[in-house]
Amino acid sequence: MQSPDAVATAIGRNVRALRRQRRMTIEALAAAAGVSRGTVIQIETARGNPSIGTLVHLAEALRVGVTSLVDGDASPRVVVRRAEQAVPLWSNETGSTAVFRIGTDPPDVVELWEWTLQPGDAFDGEAHATGTTEVLSVLSGRLGLRVGSTEHELAEGDTVMFQAHAPHRYAGAGPDPVRFTMVVLQPGDAGLVPPSAIAPAEPDPPN
């Protein structure tokens, strides 16, 4: 069983880390939890063990369970997502696919995708919130990328990073399928959650 000092240290460390992850000030957390600013300071500096009621209110304000506040394990969090757990969120009849590999929870969202586009296939990405960045790396084939009105073509081994607050399109630009990874980074948007589906692309207009 942990000593009271060890428990206080773990709670202080966890409350401070979660508050900073959520970009909350001490005053904002105190107001959300219905406690005083001094109480939050005392907890974060391990100068006393909070009551059960205070712990529950802090957990609710930080949107976690009480376990997350009292966990004394300081080891880095590791999440392994096996191949069979990957989620295919888009596909079409020609064999093009977009697979969601893994992602983080808000407020700082990172998503890892793996795409395959058959020759001539394309996918239109909607404009994301300002501040969103996408990073694409081509594993094989040739990728056509349009961001706003600017077009690029990337070959195997090429990597691109772009601000994704304008509409964008990915396309298979060569005679063979193109495979690429995509990382989406959206900092500090508490309203964004990992996707459950994505919409199909609109076809190119006929010439």
Side-chain angles (χ1 to χ4, degrees), residues 1-90 98-114 125-135 163-165 181-199:
M1 183 177 296
Q2 296 186 68
S3 69
D5 287 346
V7 172
T9 298
I11 292 173
R13 179 185 64 242
N14 293 333
V15 168
R16 183 169 58 254
L18 288 165
R19 176 177 62 79
R20 289 175 174 174
Q21 287 174 16
R22 283 149 181 74
R23 290 185 167 83
M24 298 176 75
T25 63
I26 290 175
E27 290 77 9
L29 176 57
V35 300
S36 70
R37 179 179 183 274
T39 296
V40 175
I41 293 173
Q42 284 188 334
I43 291 170
E44 289 195 358
T45 55
R47 288 186 283 168
N49 278 310
S51 68
I52 293 175
T54 298
L55 271 181
V56 170
H57 292 314
L58 285 170
E60 290 174 348
L62 292 166
R63 305 191 304 278
V64 297
V66 171
T67 301
S68 296
L69 299 188
V70 301
D71 186 2
D73 185 2
S75 301
R77 183 185 179 211
V78 177
V79 178
V80 177
R81 195 163 192 175
R82 302 297 179 185
E84 61 271 16
Q85 295 175 296
V87 182
L89 292 181
W90 173 75
V99 177
F100 180 66
R101 289 291 179 183
I102 201 167
T104 63
D105 293 325
D108 295 315
V109 176
V110 180
E111 300 169 0
L112 175 63
W113 295 74
E114 183 176 333
E126 297 180 357
H128 296 293
T130 300
T132 304
T133 299
E134 291 191 12
V135 181
Q163 296 176 322
H165 56 265
T181 57
M182 176 176 74
V183 177
V184 182
L185 303 99
Q186 182 159 359
D189 187 339
L192 186 67
V193 297
S196 58
I198 51 178

Let's go through Val64 and Arg22 carefully: what are the C-alpha distance in whole Å and the side-chain angles of both, what is the deciding distance for side-chain contact (heavy atoms from CB on, under 4.5 Å) to 0.1 Å, and is it a yes or a no?
CA-CA 11 Å; Val64 297; Arg22 283 149 181 74; 3.7 Å; yes
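Looking at every heavy atom in both residues, Gly131 comes nearest to Pro187 through O-CD, 3.6 Å. The heavy-atom pair separating Ala32 from Ala61 by the smallest distance is CB-CB, 3.7 Å. Counting all heavy atoms, side chain and backbone alike, Ala46 lies closest to Ala8 at CB-O, 3.7 Å. Nearest heavy-atom pair, Ile11 versus Pro50, reported as atom, atom and distance to 0.1 Å: CD1-CD, 4.1 Å.
In terms of the side-chain contact (heavy atoms from CB on, under 4.5 Å) criterion, residue partners of Ile26 (sequence neighbours excluded) are, by chain and number, Arg19, Arg37, Val40, Ile41, Glu44. Taking Arg47 as the reference, Thr45 meet the side chain to side chain donor-acceptor pair (under 3.5 Å) condition, with sequence neighbours excluded. A search for side-chain contact (heavy atoms from CB on, under 4.5 Å) contacts involving His128 returns Thr132, Glu134, Ala164, His168, not counting sequence neighbours.
Note that CD of Gln186 is 9.5 Å distant from OG1 of Thr133, once rounded to the nearest 0.5 Å. Rounded to the nearest 0.5 angstrom, Asn49 CG and Asp5 CG are separated by 8.0 Å. Taking CG of Leu62 as the reference point, atom CD of Gln21 lies at 9.5 Å (rounded to 0.5 Å). Atom CD of Glu126 sits about 15.5 Å away from atom NE2 of His165, to the nearest 0.5 Å. Asn14 CG to Leu58 CG: the interatomic distance, rounded to the nearest 0.5 Å, is 11.5 Å. Put simply, CG on Leu112 and OG1 on Thr104 are 11.0 Å apart, with the number rounded to the nearest 0.5 Å.
A side-chain contact (heavy atoms from CB on, under 4.5 Å) with Leu29 holds for exactly one of Leu18, Val15, Ile43, Val35; it is Val15.
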